[in-house]
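Data block below; observations after.
The residues of the chain are indexed from 1 along the displayed sequence. As the structure is a computational prediction, the values presented were derived from the model and not from experiment.
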Amino acid sequence: MIETRVLTGDDLTAALDDVARLRIAVFRDWPYLYDGDPGYERDYLRAYQSPGAVVVAALDGGRVVGAATGAPMADHADDFAAAFAGRPEPLTEIFYCAESVLLPDYRGHGIGHTFFDARETHARASGYRYTAFCSVIRPVEHPARPADYRPLDGFWRKRGYEKLPGVVASFSWKDLGQTKETRKNLQFWMRPL
């Protein structure tokens, strides 16, 4: 039986090594193809030590098998301000649902919904008016795209999220098999709470 826990404060901080491990493992797969680096993970996850951050952990017998993170969008202003520059919603009203990472054996059992439910509940209780996340944009003809890949667009739309036209962020990371980082675009999705 999988248990989920909402973590904040010191409990959240204690879980960040597990989140880093899962990000490296899960994001190796399509569409991220992330060649993970523990040093990068430590720096990246600092944003989740803010007072408004949350981690939703999925545990199997005490072992963390999945995690979803969220933090005030304002905590990520340096990264996302340009993408949201033309939007009417202030960053201070948006809660950023960052990654949802779940080991393959645990997928398809509703944990993804639990991850979103918990983060949206946390955002509402904290006074946010919107939740948003972003997903990497990869070309359909990319050679690493699995033949049976099914995008999550339908899942996200069922939850009330819609793509924000033109709201795209750009980040760099090293793909598997590459020697240096390259820029990738990430499409934002958002919903009102």
Under a 4.5 Å cut-off applied to non-hydrogen side-chain atoms, are Val19 and Leu45 in contact?
yes
Considering only heavy atoms from C-beta outward, does the side chain of Lys158 approach that of Asp153 to under 4.5 Å?
no
Same hydrophobic cluster for Tyr32 and Val168, using side-chain heavy-atom links shorter than 4.5 Å among ILVMFWY?
no
Could you go step by step and tell me if Phe84 and Val167 meet the side-chain contact (heavy atoms from CB on, under 4.5 Å) rule?
CA-CA 6 Å; Phe84 278 83; Val167 182; 3.9 Å; yes
Might you work through the side chain to side chain donor-acceptor pair (under 3.5 Å) test for Arg183 and Ser170, ending with a clear yes or no?
CA-CA 6 Å; Arg183 298 291 285 174; Ser170 188; 3.2 Å; yes
Closest heavy-atom contact between [X] and [Y]?
X      : Y      : value
Gln187 : Leu164 : NE2-O, 2.8 Å
Ala15  : Leu7   : CB-CD1, 3.6 Å
His76  : Ala71  : NE2-CB, 3.9 Å
Met190 : Ala132 : CG-CB, 3.9 Å
Ala53  : Tyr48  : CB-O, 3.4 Å
Ala83  : Phe188 : CB-CE1, 4.3 Å

Applying the side chain to side chain contact (heavy atoms under 4.5 Å, CB included) criterion to Val6, which one of Val54, Thr121, Val55 satisfies it?
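That would be Val54; it is the only one of Val54, Thr121, Val55 passing the side chain to side chain contact (heavy atoms under 4.5 Å, CB included) with Val6.
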Which side-chain hydrogen bond (donor to acceptor under 3.5 Å, both in side chains) pairs, counting each pair once, include a residue from residues 16-27, with sequence neighbours left out?
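Sorted pair list: Asp18-Arg21, Arg23-Glu41, Arg23-Glu99.
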Indicate, with yes or no, if the rings of Phe95 and His122 have centres closer together than 6.0 Å.
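Distance test on ring centres: under 6.0 Å, yes.
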Stepwise, does the side-chain contact (heavy atoms from CB on, under 4.5 Å) test hold for Thr131 with Arg124?
CA-CA 9 Å; Thr131 51; Arg124 264 188 222 96; over 6 Å; no
Taking atom types as modelled, find out whether Ser100 and Arg119 have a side-chain donor-acceptor pair closer than 3.5 angstrom.
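Yes, Arg119 and Ser100 have a side-chain donor paired with an acceptor closer than 3.5 Å.
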Just by distance, no angles: are the side chains of Lys184 and Thr182 close enough, under 3.5 Å, to form a donor-acceptor pair?
yes
Let me see the working for Tyr44 and Phe171 under ring pair (Phe, Tyr, Trp, His ring centres under 6.0 Å), right down to the final yes or no.
CA-CA 12 Å; Tyr44 170 78; Phe171 288 95; 8.2 Å; no
Go through Leu176 and Arg28 one step at a time and tell me if the side-chain contact (heavy atoms from CB on, under 4.5 Å) criterion holds.
CA-CA 7 Å; Leu176 293 172; Arg28 289 180 67 79; 3.3 Å; yes
Test side chain to side chain donor-acceptor pair (under 3.5 Å) on Asp175 and Tyr34 and set out the steps.
CA-CA 5 Å; Asp175 282 355; Tyr34 171 55; over 6 Å; no
Transitive ILVMFWY cluster of Phe116, excluding itself - 4.5 Å side-chain cut-off
Phe133, Leu152, Phe155, Trp156, Tyr161, Trp189
Quick one, Arg138 with Val136, criterion side-chain contact (heavy atoms from CB on, under 4.5 Å). Give me CA distance, side-chain angles, the key distance, then yes/no.
CA-CA 6 Å; Arg138 293 281 192 175; Val136 68; 4.2 Å; yes
